[in-house]
Amino acid sequence: MPKFTRPLRSALYIPGSKSRALDKARTLPCDAILFDLEDAVSPDEKIAARDMLAQALATGGYGARLKVIRINALDTAWGVDDAHAAADMKPDAILLPKVGNPADLEALAELVGDIPLWAMMETPGAMLNAPAIAAHRQLQAMVMGTNDLAKDLQTRFRADRLPLATSLGLCLLAAKAHGCAIIDGVYNAFKDEDGLRAECDQGRDMGFDGKTLIHPAQLDIANTAFSPSDAEADLARRQIAAFETAEAEGQGVAVVDGRIVENLHVATARETLAKLDAIAALNAE
């Protein structure tokens, strides 16, 4: 069973050092905010960003958006203090970068207690250890760090992401096997709407729950791509109705649009409608 089922269509990185960005995030239609103390913050701003973020979260106003803090790695000069500070801020989850094995998550858990953990999957070692990482008792979600991963793998950019296919697949398998959410990596060309849409569609087809984003302009495309379409919702309702009719008539299968509908299809249809309900509830909060 999934450990976490709420919508995660869009997870927007917000620098913890930028007061205007922290304020604007209160109004943006993202499912999750990844408050960043790591890559988006320069070394000389790390401590000030920690304090600024604490003040922003204490002020509140982020509504139903999931509040996740990405700290610096524990082997850096800031990581342990970040972990303690993040725990005091009482976020919905803490995101650890450069996770290589379950021991990294265990070290963070010892610092922050029972707060849910998210793992950045961005190294070759993480890919090979994905099942063990996904099995950690506190892990709620995996986040693909495709930029760092591509650097370590020495890949060349391809729009179809073929060089990353094995890595994406390994993490997807691990996440699904252990009931974790899994969020796709960022799309760097934030002004390229067609490219973003294609990559979101690819991620959704693969089974990702959503997309990490670097700019608010990317939100609408990601939210649309990872939401059930009107056609998918209509098909789901018709499949459920047809199967229930077939069952009432003593049949084990139904036919919709010339295709067999069995129990597994009905289960997927119910999940589709449940996701729509969850998105509607999130938007209403």
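This chain uses plain numbering: 1 for the first residue, then up along the sequence.
At distances below 3.5 Å, at least one donor-acceptor pair connects side-chain atoms of Lys46 with backbone N or O atoms of Glu38. Formation of a donor-acceptor pair under 3.5 Å by the Asp92 side chain with backbone atoms of Lys67 is found in this model. No donor-acceptor pair under 3.5 Å is formed between the side chain of Glu262 and the backbone N or O of Gly252. Formation of a donor-acceptor pair under 3.5 Å by the Gln140 side chain with backbone atoms of Trp118 is not found in this model. Side-chain atoms of Arg65 come within 3.5 Å of backbone N or O of Leu28 as a donor-acceptor pair. No donor-acceptor pair under 3.5 Å is formed between the side chain of Gln138 and the backbone N or O of Leu108.
Around atom CG of Asp277, more than 12 heavy atoms belonging to other residues, nucleotides or ligands sit under 6.0 Å away. Annotation for Lys176: atom NZ counts as buried by contact number, over 12 foreign heavy atoms lying within 6.0 Å. More than 12 heavy atoms of other shown residues, nucleotides or ligands fall within 6.0 angstrom of atom CG in Asp160. Heavy-atom contacts from other residues, nucleotides or ligands closer than 6.0 Å to CZ of Arg204 number 12 or fewer. Residue-environment remark: CD (Glu247) exceeds the threshold of 12 foreign heavy atoms within 6.0 Å. At most 12 heavy atoms of other shown residues, nucleotides or ligands fall within 6.0 angstrom of atom CD1 in Ile47.
Contact annotation: the side chain of Met120 never approaches that of Thr212 to less than 4.5 Å [non-hydrogen atoms, C-beta and beyond]. Val253 has its side chain out of reach of Val261: every pair of non-hydrogen atoms, C-beta onward, lies at least 4.5 Å apart. Between Val99 and Leu117 there is no side-chain heavy-atom pair separated by less than 4.5 Å. In this structure, Val143 and Val68 have side chains that are not in contact, with every pair of non-hydrogen atoms separated by 4.5 Å or more.
Screening Asp31, Asp220, Asp184 for a salt bridge (charged side-chain N to carboxylate O under 4.0 Å, His left out) with Arg9, the sole residue that qualifies is Asp31. Just one residue in the list Ile221, Thr224, Asp192 forms a side chain to side chain contact (heavy atoms under 4.5 Å, CB included) with Arg197, and that residue is Ile221.
Looking at Asp82 and Asn72, their side chains do bring a donor and an acceptor atom within 3.5 Å of each other. For Asn223 and Ser10, the side-chain atoms include at least one donor-acceptor pair closer than 3.5 Å.
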Begin with the C-alpha distance, continue with both residues' side-chain angles, and end with the deciding distance and a verdict on salt bridge (Lys or Arg N to Asp or Glu O under 4.0 Å) for Arg238 and Asp257. CA-CA 10 Å; Arg238 290 189 292 117; Asp257 297 341; 2.9 Å; yes
Could you walk me through whether Arg26 and Thr59 pass the side-chain contact (heavy atoms from CB on, under 4.5 Å) check? CA-CA 11 Å; Arg26 294 182 171 94; Thr59 300; 3.7 Å; yes
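Salt bridge annotation for Asp148-Lys98: present, with a cationic side-chain nitrogen under 4.0 angstrom from a carboxylate oxygen.
One distance of note links CG of Asp234 with CD of Gln239; it measures 10.0 Å at 0.5 Å rounding. In this structure, CG in Leu34 is found 12.5 Å from CD1 in Ile214, a value given to the nearest 0.5 Å.
One hydrophobic cluster, built from ILVMFWY side chains closer than 4.5 Å, holds both Leu153 and Leu172.
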